[in-house]
Amino acid sequence: MRFLAIAILAAVMLASLFAPRLAPYAYDAQFRETPNAPASRIFPMGTDDIGRDRFSRLLYGTRVSILLAPAAACVSIVLALLISVPAASRVPGVGLAVSGLTTICLSLPWLFLFIILRAKLPLNTDPSTSVLLTFGLMGVAGWAWPARVFAAAIREIRQSGWLLQAQAAGIPPWRIALLYGLPHLRSIAAAQFRVLVPAYILSEASLGLLGLGVSDPMPSWGNLLQDLQHPDIVRANPWILAPLALLVIVMICLELLQSPPEASL
Amino acid sequence: MKLRSFCLLAVMTALAAPPVPRELRFVIPGDPRSFDPLHIEESESETVKYLTAGVLVRVNRATDKLEPELAESWTLTDAGRTLTFHLRPGLRFSDGTSFTAADVARSLTRALDPKEASPAGDTIRSAEGIPEIRVVSPQVITLRYKVPKPGLDRLFDGIGIGPSTPPAAGKLPASAGPFFVAEYKRGEFVRLRRNPNYWKHDSAGHPLPYLDSIRLDIQQNRDIEMTRFLRGELHLINRVSPDSFARLKEQRPTAARNLGASLDSEFLWFNQAPVRTLPDWKRAWFTSAAFRHAISRAIHRQDIVRIVFGGNAHIAAGPISTANTFWFNKALPPLPTDAAASLKLLVSDGFTLTGGVLKDRAGHPVEFSLITNSGNRPRERMAQLVQSDLAKLGIKVNFVPLEFGSLIERIGKTGDYEAALLGFNNVEPDPLEEKNVWLSSGAQHPWWPSQKSPATPWEARIDELELRQATEGSREARRKAMDEFQKIVVDQEPVIYLVNPDYLCAIAPSVKGSNPVPSPPPVLWNIEWLRLE
Amino acid sequence: MTLRPLADAGRRVFRSLLNLVLVVLLGGFAAAALVRYSPGFDVDENSWNPRISADTLAALHARHEQANQLLPFYLHYLRAAAQGDFGQSDSYRVPVSELLHDRAPVSAKLIGWGVAGGLSFGLALAWLSVWPRRAVLSIATASVSGLLLAIPSAVLALAFFFAEAPLSIAVALTILPRVFGTLRALLEELYSSSALLAARARGIPPWVLGIRYVLRPAAPQLMAVAGVAFVLAFGSIIPIEALCDVPGIGQLAWKAALSRDLPLLSGLALIITFVVAFVQMTGDLLAGERN
């Protein structure tokens with residue numbers, strides 16, 4: 001099962017990396033005589049509303065999303081760990097301060113931070129810079145979600161019997177953290193990773209509304225999925241669902257990869 | 001399985017509200033902000049105002065003639081300086097109180113008071129002081145201006161007259177138009193009921209309006225609106241998007257109406273203001289008429305009409321829509337597309353195309369950003385087509401859709417942008433109010449707002465013509481000024497016009513008596529004559 | 001002697017409450033600052049309307065109570081808010097409290113059912129994937145969760161809307177995959193604990209096992225998950241209500257954000273921060289209680 005999941009993920013990665021070779025057309029080529037064309041031998045998934053080949057756009061769009069969303073998710077998780085570990089300390093007030101900070105970050109209207117970022121960036125910013133910054137900011141802004149769960153888990157560890165035993169046995173704290181704490185947090189981190197990746201892929205599209213992220217004509221899964229909000233378009237050409245199907249497959253593979261190993265018994 | 005279908009049935013019956021006899025239903029996109037006819041700032045309030053507020057005179061949207069409404073007659077004397085209205089006898093508001101010249105006087109006084117800041121009042125205010133208002137008798141009222149004001153009587157089409165005593169707190173205002181606001185549930189709907197005291201009757205003596213009530217559902221999502229219309233929950237859609245129109249034509253061909261080109265236009269322009277964020281060499285391109293002509297000629301407007309609007313648009317010829325029959329300068333041909341001529345123009349202006357990249361005299365590659373409001377699909381697609389058309393000339397366009405607040409901040413305040421693609425929704429065929437856009441000193445002057453003095457001779461000439469059309473008494477003389485103005489705008493192209501979208505609407509076959517026209521409000525303008533069967 | 005723990009608990013509750021107030025005040029201020037310093041804040045949407053003259057625009061503009069001085073605005077706002085007055089909305093021209101009062105029930109229903117549904121579906125799915133130990137089931141549950149993760153919540157809601165099904169299920173399905181992973185990890189770990197294995201070997205019925213060895217020890221983490229679910233639901237109603245035209249708090253927040261309605265957004269920020277902080281505090285206190 002795991003092998004299959006790895007194979008599929010690798011295939012998707014390779015297909016996106018070799019998009020320029022595999023794609024029949026450039027992602028921005030407009031075939032203006034055939035907008036909204038149905039799937040055919042010439043256009044395997046039909047064309048979009050200004051006549052661009054959907055298949056080529058999907059191949060190119062995969063690159064951005066499949067590389068940057070996981071990277072941003074990693075940033076969030078590492079930040080969350082760094083911030084929530086001090087919460088475990090017994091220094092009075094630190095726990096409260098960390099939980100307060102988490103709360104504030106969870107309830108902030110982050111949208112405005114992105115609006116401000118767009119205003120500070122020059123309009124002629126290179127698309128790749130804009131994309132990197134967007135995912136970077138998403139990664140930084142997203143730490144509070146996993147941090148909440150980490151904090152609860154760390155508290156649990158602190159109260160657990162084996163920790164007391166280990167402490168009694170005189171094992172130094174860093175060794176305890178490394179040998180016992182981290183493996184415990186790993187499965188939780190994996191679960192959070194799985195949630196954050198699609199969240200970032202989809203948020204990237206919403207940020208397109210602010211003029212951030214992947215800008216036209218460059219495709220991404222996010223902006224390809226935007227069409228789903230218009231039922232008319234989906235009805236007219238079901239191939240619009242292809243990016244969604246691909247995202248679902250990737251998510252299921254990630255899920256299978258991370259299902260806890262039997263060894264934990 | 002049975003249980004599920006039962007649940008579905010229960011949900012569906014709950015959704016179908018109890019039928020109200022002869023109630024017209026349609027959707028407005030947001031909450032009306034005000035029911036005070038003098039404080040209308042957005043389209044939702046404008047719609048409610050048109051249906052409820054009593055006006056002294058009304059422009060017939062089909063014939064473009066001014067017709068008597070609450071005033072049975074009016075006279076313009078003293079070389080267009082004095083306007084006298086004679087009210088109909090026995091008029092009453094929807095709550096039964098009588099409607100007299102005192103109510104008119106109070107509404108006009110409020111409208112004209114600069115402190116009241118009434119947008120409706122802006123149209124009848126005069127730079128030369130507040131006109132004198134005199135109640136001659138309960139039926140007669142006069143306004144005296146110090147200088148003549150062009151098209152004065154027609155302006156009163158937009159001035160809603162309310163009762164002289166404002167409604168008690170928490171109460172909805174009475175009105176003298178065909179309907180009054182009977183119920184308002186914020187975020188959900190506004191219900192209007194027929195005004196039993198409305199003066200108008202049909203030829204058989206039957207009191208108007210025919211409809212008992214109107215329900216305006218507050219709903220923003222246009223896809224949902226179309227679905228509800230197709231399900232038969234709505235009677236009309238005031239404006240159908242080009243995307244939905246195809247679906248409508250396929251599923252309800254009899255309900256789909258294309259009213260021809262609208263008064264609206266879609267256009268793009270370059271920032272010519274000397275702002276810090278715009279480098280001098282870029283500003284040099286944007287201030288060159290040859291550069292602007294070249295861009296304009298490279299754009300395939302025919303493709304925009306066909307692909308973006310599904311054929312439901314007309315190629316623009318200039319600042320005034322071709323649909324605006326009186327004011328449009330018929331000598332102007334549609335804007336041409338000619339990529340070869342475009343390149344020639346650029347070369348003659350010192351640009352060179354090498355290795356697929358267009359460069360100016362100093363060797364700067366030609367690249368600029370183009371902003372528009374995000375979420376507007378037609379505009380986003382127009383920008384994509386423009387981007388690809390210009391790429392063929394070696395020009396790199398960075399398309400950045402921005403949400404409205406950020407966009408307005410850049411265009412209206414900081415000037416930090418290079419090119420913008422937007423549109424104007426024109427409510428009024430008369431170009432009088434567009435003075436604010438075209439005067440070089442205007443705050444809404446797109447390419448360089450609030451200039452101290454016009455930067456070029458042609459801009460100075462536009463200023464002259466605009467001032468003339470805003471003060472000249474006769475419609476013919478004003479039209480002559482506007483003809484020359486349109487010629488200048490097309491010759492200089494400070495604004496590059498693209499298309500005039502068609503007015504698309506949906507009217508269910510059960511709605512009788514409608515006579516839609518491409519002038520707002522296209523379907524509702526003869527509301528008192530609409531019937532439901 | 002017996003009073004000691006009580007006094008301790010009291011002190012802890014007091015400290016948490018103090019923390020709550022501080023967090024709400026800071027969170028509200030941070031939100032107000034973000035709104036205040038984002039572009040488009042001080043620009044009137046009418047400034048692009050050619051029918052309105054410059055003088056009228058200036059007068060309309062002056063009428064909106066703008067917060068050019070952020071700190072004085074916020075302090076003034078807090079003082080009024082303490083008396084239940086959340087100011088007048090700039091875009092709706094009505095008191096904020098009236099808007100909230102009208103719309104809160106709609107959203108509360110969506111969130112309530114959404115959280116309940118999301119948690120119970122999530123637990124059921126996690127149990128299915130852990131307990132019977134069948135590969136088919138674990139693949140199936142992974143697929144369900146993967147599918148739900150990949151569909152944008154607004155699109156899911158729109159599909160429900162067009163199918164005339166309750167939107168709260170869409171909220172529940174949005175929450176489900178986001179808590180599923182954590183719940184499964186939790187159950188997995190507890191089911192493999194030595195105490196449980198021993199009890200299982202003794203033949204104790206599964207439901208007793210579930211309660212004694214799973215639900216009880218996992219209570220603090222379950223509380224944390226429930227808190228996350230609640231906050232998730234709060235976040236998900238914004239796109240759902242905005243896209244499906246539900247007149248609730250989420251739609252209000254979206255419209256307020258687009259029109260930079262500072263009084264309304266400040267009020268919403270205070271409320272949202274309070275809810276999030278309250279959920280967190282209860283979770284923390286309960287966890288501390290068990291300690």
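From a predicted model like this one, the values you see are computed outputs, not experimental measurements.
The candidate with the highest count of non-hydrogen atom pairs below 4.5 Å against chain C, out of B:Val437, B:Ile408, B:Leu432, is B:Ile408. In terms of heavy-atom pairs under 4.5 Å with chain B, the best-connected choice from C:Cys244, C:Pro247, C:Ser259 is C:Pro247. Contact tally against chain C (heavy-atom pairs below 4.5 Å) for B:Pro114, B:Gly121, B:Gly405: the top residue is B:Gly405. Counting heavy-atom pairs closer than 4.5 Å to chain C, the top residue among B:Arg186, B:Glu188, B:Glu434 is B:Arg186. The residue among B:Asn436, B:Asn221, B:Asn425, B:Asp223 with the most heavy atom pairs within less than 4.5 Å of chain C is B:Asn221.
B:Ile218 has its side chain within reach of B:Ile28: a pair of non-hydrogen atoms, C-beta onward, lies under 4.5 Å apart. Between C:Pro39 and B:Ser406 there is a side-chain heavy-atom pair separated by less than 4.5 Å.
In plain terms, the two heavy atoms of B:Pro319 and B:Trp438 that are nearest each other are CB-CZ2, 3.8 Å. Taking both residues in full, the closest heavy atoms of B:Ala120 and B:Thr123 are given as O-OG1, 2.7 Å, listed atom of the first, atom of the second, then distance. Residues C:Ala256 and C:Leu264 come closest through the heavy atom pair CB-CD2, 3.6 Å. The nearest pair of heavy atoms linking C:Ser89 to C:Val96 is N-CG2, 3.8 Å. Looking at every heavy atom in both residues, B:Trp327 comes nearest to B:Pro429 through CD1-O, 3.4 Å. Closest heavy-atom contact between B:Arg379 and B:Leu422: NE-C, 3.8 Å.
When ring centroids are compared, B:Phe26 and B:Phe229 stay outside the 6.0 Å threshold.
For the side-chain contact (heavy atoms from CB on, under 4.5 Å) criterion with B:His39, the lone passing option out of B:Glu116, B:Arg33, B:Lys49 is B:Glu116.
Listed for the C:Tyr77 side chain is a donor-acceptor partner under 3.5 Å among the backbone atoms of C:Gly267.
Side-chain atoms of B:Tyr184 and B:Asp31 form a donor-acceptor pair, as typed in the model, at a separation below 3.5 Å. At a cut-off of 3.5 Å, with distance as the only test, a side-chain donor of B:Ser45 or B:Glu42 sits close to an acceptor on the other residue.
Of the two parts of C:Ser91, the backbone and the side chain both hold a non-hydrogen atom closer than 4.5 Å to a non-hydrogen atom of chain B. Heavy atoms closer than 4.5 Å to chain C are found in the side chain of B:Arg125, but not in its backbone. With a 4.5 angstrom heavy-atom cutoff, B:Glu403 touches chain C only via side-chain atoms. Residue B:Leu407: no heavy atom, backbone or side chain, is found under 4.5 Å from chain C. Only the backbone of B:Ser118 comes within contact range of chain C, judged by heavy atoms closer than 4.5 Å.
Using a 4.5 Å heavy-atom cut-off against chain B, the contacting residues of residues 153-161 of chain C are C:Leu158, C:Phe161. At a heavy-atom separation below 4.5 angstrom, chain B is approached by C:Leu99, C:Asp102, C:Arg103 within residues 99-109 of chain C.
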